[in-house]
Protein chains: 2
Amino acid sequence: MTKLQKSIDKRNALIKATIELVNNNGFHATPMSKIAKMANVSPATIYLYFENKQDLVNQTYIEVKAKYTKYAFENYLESMSVEAGFELIWKRIADFKLNECKNAMFLAQCDNTPMIDEASRQEGIKHLQPLLDLWARGIKEGIIKPMSDYLLYAYSINPLSFLMISQKRGAFKLNDTNIQEAYESAWNSIRVINK
Amino acid sequence: MTKLQKSIDKRNALIKATIELVNNNGFHATPMSKIAKMANVSPATIYLYFENKQDLVNQTYIEVKAKYTKYAFENYLESMSVEAGFELIWKRIADFKLNECKNAMFLAQCDNTPMIDEASRQEGIKHLQPLLDLWARGIKEGIIKPMSDYLLYAYSINPLSFLMISQKRGAFKLNDTNIQEAYESAWNSIRVINK
DNA sequence: AAAAAAAGAATGAACGTTCATTTTTTATTA
DNA sequence: TAATAAAAAATGAACGTTCATTCTTTTTTT
């Protein structure tokens with residue numbers, strides 16, 4: 001194994017440990033020493049890869065967010081119809097929250113606490129552009145209600161976070177049936193309804 | 001001022017300070033000393049009112065959650081139609097998130113982090129029963145889609161949390177117009193749609 | 001004057017970070 | 001290629017600080 005690879009492995013192990021521990025204990029209740037231990041590394045080693053604890057969690061956030069959006073837009077083409085595009089992206093995001101549960105949990109926590117720098121937060125939002133573009137197109141075509149991106153996001157994508165957290169708490173179990181129900185709810189909340 | 005009143009005032013000041021500081025810094029980044037200072041009280045005095053820090057935040061959570069549900073169901077009568085009842089409750093909740101912004105922020109953070117004991121979380125959920133009952137009635141009458149409470153909640157009530165957080169970050173401004181849009185989205189996502 | 005409430009200072013534990021060394025890798029020379 | 005020197009990576013222990021909580025003293029109430 002090359003030197004570079006070893007470095008990447010260590011960095012990845014640190015990021016993985018950070019996600020795991022922050023998910024279970026929150027940012028301030030996860031000491032660097034525990035992150036180091038879980039990553040099989042000395043505490044001091046963390047500081048070779050990251051400036052400090054804040055930098056570690058910022059970088060973790062950006063990395064996970066990038067993974068999320070990459071996953072979401074896989075297979076999406078701008079040539080698709082608005083309906084097809086939305087359904088595809090929505091279901092990919094649902095998949096992510098289901099299959100990459102730990103990553104999704106981590107993002108949910110970051111997005112609801114003052115854990116992350118505002119700058120890193122901005123950095124994370126950038127990659128969502130294709131969805132915003134799709135919505136703009138949908139509105140122009142009269143298929144999607146003319147609402148702000150925030151409303152569209154709140155009623156179609158964001159509820160998945162709540163469902164995931166409920167699932168994590170064991171209060172609710174997502175499956176193929178209610179994923180389809182949820183998708184239809186999401187779509188009905190943003191589409192133009194012909195009476 | 002009576003002794004009892006003074007005690008209640010002190011307890012309230014402590015809870016208010018906890019909300020303020022946890023909102024801005026998160027649970028673990030708000031020291032007891034700061035809470036004491038903001039409440040004009042000695043750190044030691046906190047321990048006359050609360051067992052420890054965890055107890056302080058648990059009790060704060062339960063108190064705020066109770067306030068939230070009381071606010072939500074004010075004026076609601078079980079004799080109302082499903083549509084009217086839902087609109088009333090939904091708009092009261094929206095009002096709460098708008099007008100009692102700090103309280104709402106606090107709940108959002110509690111609900112998305114491992115900050116609160118599971119027991120206190122359960123305690124907080126109890127008071128939402130009237131809404132669940134309304135949904136059950138709506139489903140029986142064929143007005144609301146037969147979905148689990150979690151899905152109904154996720155797509156109608158919960159998005160308000162996201163909007164509130166976006167507003168807090170200055171990214172989005174809620175007003176009467178988009179509150180109405182949001183309400184219609186919420187209702188369309190859970191109602192039975194006659195094609 | 002006794003009891004209760006509140007205060008501030010003190011305590012011990014835990015944390016993020018740094019420091020002095022050691023270990024591992026890479027480059028150079030024979 | 002083998003030996004060795006230089007550089008880089010990694011370490012565990014140590015440091016200074018911060019924090020939740022407790023202890024002792026003072027103030028307020030009864």
Side-chain angles (χ1 to χ4, degrees), chain A residues 1-61 106 109-110 113-117 120, chain B residues 1-61 106 109-110 113-117 120:
Chain A
M1 207 190 311
T2 79
K3 189 212 87 185
L4 185 63
Q5 183 57 47
K6 264 187 80 178
S7 283
I8 290 175
D9 285 350
K10 234 163 233 178
R11 192 176 179 280
N12 286 342
L14 283 167
I15 287 196
K16 195 177 164 203
T18 302
I19 294 167
E20 181 84 20
L21 289 167
V22 168
N23 274 352
N24 290 328
N25 309 104
F27 173 55
H28 285 284
T30 58
M32 295 294 260
S33 55
K34 268 194 197 159
I35 295 173
K37 192 164 285 176
M38 181 170 277
N40 282 317
V41 141
S42 157
T45 305
I46 301 180
Y47 292 85
L48 301 175
Y49 294 86
F50 304 95
E51 240 177 80
N52 50 38
K53 194 183 179 186
Q54 185 64 53
D55 182 48
L56 166 59
V57 80
N58 283 343
Q59 289 203 40
T60 303
Y61 174 73
F106 182 78
Q109 193 168 164
C110 290
T113 65
M115 189 172 124
I116 298 292
D117 280 353
S120 303
Chain B
M1 203 187 314
T2 78
K3 191 212 82 182
L4 182 65
Q5 184 56 49
K6 268 186 74 177
S7 283
I8 291 175
D9 286 350
K10 234 164 235 179
R11 191 175 179 282
N12 286 342
L14 283 167
I15 287 195
K16 194 176 164 204
T18 302
I19 294 166
E20 180 84 22
L21 290 167
V22 169
N23 273 354
N24 290 327
N25 309 105
F27 173 56
H28 280 98
T30 59
M32 295 295 259
S33 55
K34 269 193 197 163
I35 295 173
K37 191 164 283 175
M38 182 170 276
N40 282 318
V41 140
S42 155
T45 304
I46 300 180
Y47 293 85
L48 300 175
Y49 294 85
F50 303 95
E51 239 176 81
N52 50 38
K53 194 182 178 185
Q54 185 64 54
D55 182 49
L56 166 60
V57 80
N58 283 343
Q59 289 203 39
T60 304
Y61 175 73
F106 182 77
Q109 194 168 162
C110 289
T113 64
M115 188 171 124
I116 299 291
D117 280 353
S120 305

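Residue numbering restarts at 1 for every chain, and letters A, B, ... go by the order of the sequence lines. This one's a predicted model, so the numbers in the text were calculated from it and none came from an experiment.
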Between [N] ([atom2]) and [X] ([atom1]): distance, integer Å:
X	N	atom1	atom2	result
Glu51(B)	dT22(D)	CD	P	10 Å
Met32(B)	dA9(C)	CE	C1'	17 Å
Lys37(B)	dA20(D)	NZ	C1'	15 Å
Asp55(B)	dT21(D)	CG	P	10 Å
Phe27(B)	dC19(D)	CZ	C1'	12 Å
Phe50(A)	dG16(C)	CZ	P	15 Å
Asp9(B)	dA5(C)	CG	C1'	15 Å
Ile46(B)	dT21(D)	CD1	P	9 Å

If the cut-off is 4.0 Å, is [X] near the phosphate of [N], judged by side-chain N/O to OP1 or OP2?
X	N	value
Tyr49(A)	dA9(D)	no
Lys53(B)	dC19(D)	no
Ser42(A)	dA10(D)	no
Lys10(B)	dA6(C)	yes

Working to the nearest 0.5 Å, report the span between CD1 of Ile46(A) and CG of Leu56(A).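 Answer for the CD1-CG pair, Ile46(A) versus Leu56(A), is 6.5 Å.
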Could you tell me whether a side-chain N or O of [X] sits under 3.5 Å from a main-chain N or O of [Y], the two making a donor and an acceptor?
X	Y	answer
Gln54(A)	Met115(A)	yes
Glu20(A)	Ile15(A)	no
Asn58(A)	Asp117(A)	yes

What's the closest nucleotide to the side chain of Val41(B) if the choices are dA6(C), dT11(D), dA7(C)? dA7(C)
Kindly point out which of dT11(D), dT17(C), dA6(C) is positioned nearest to the side chain of Tyr47(A)? dT17(C)
How do Ala44(A) and His28(A) order along DNA chain C: which one's closest nucleotide is nearer the 5' end? His28(A)
So which atom in Tyr47(A) and which in Asn52(A) form the shortest heavy-atom distance, rounded to 0.1 Å?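 Looks like CE2-CA, 3.8 Å.
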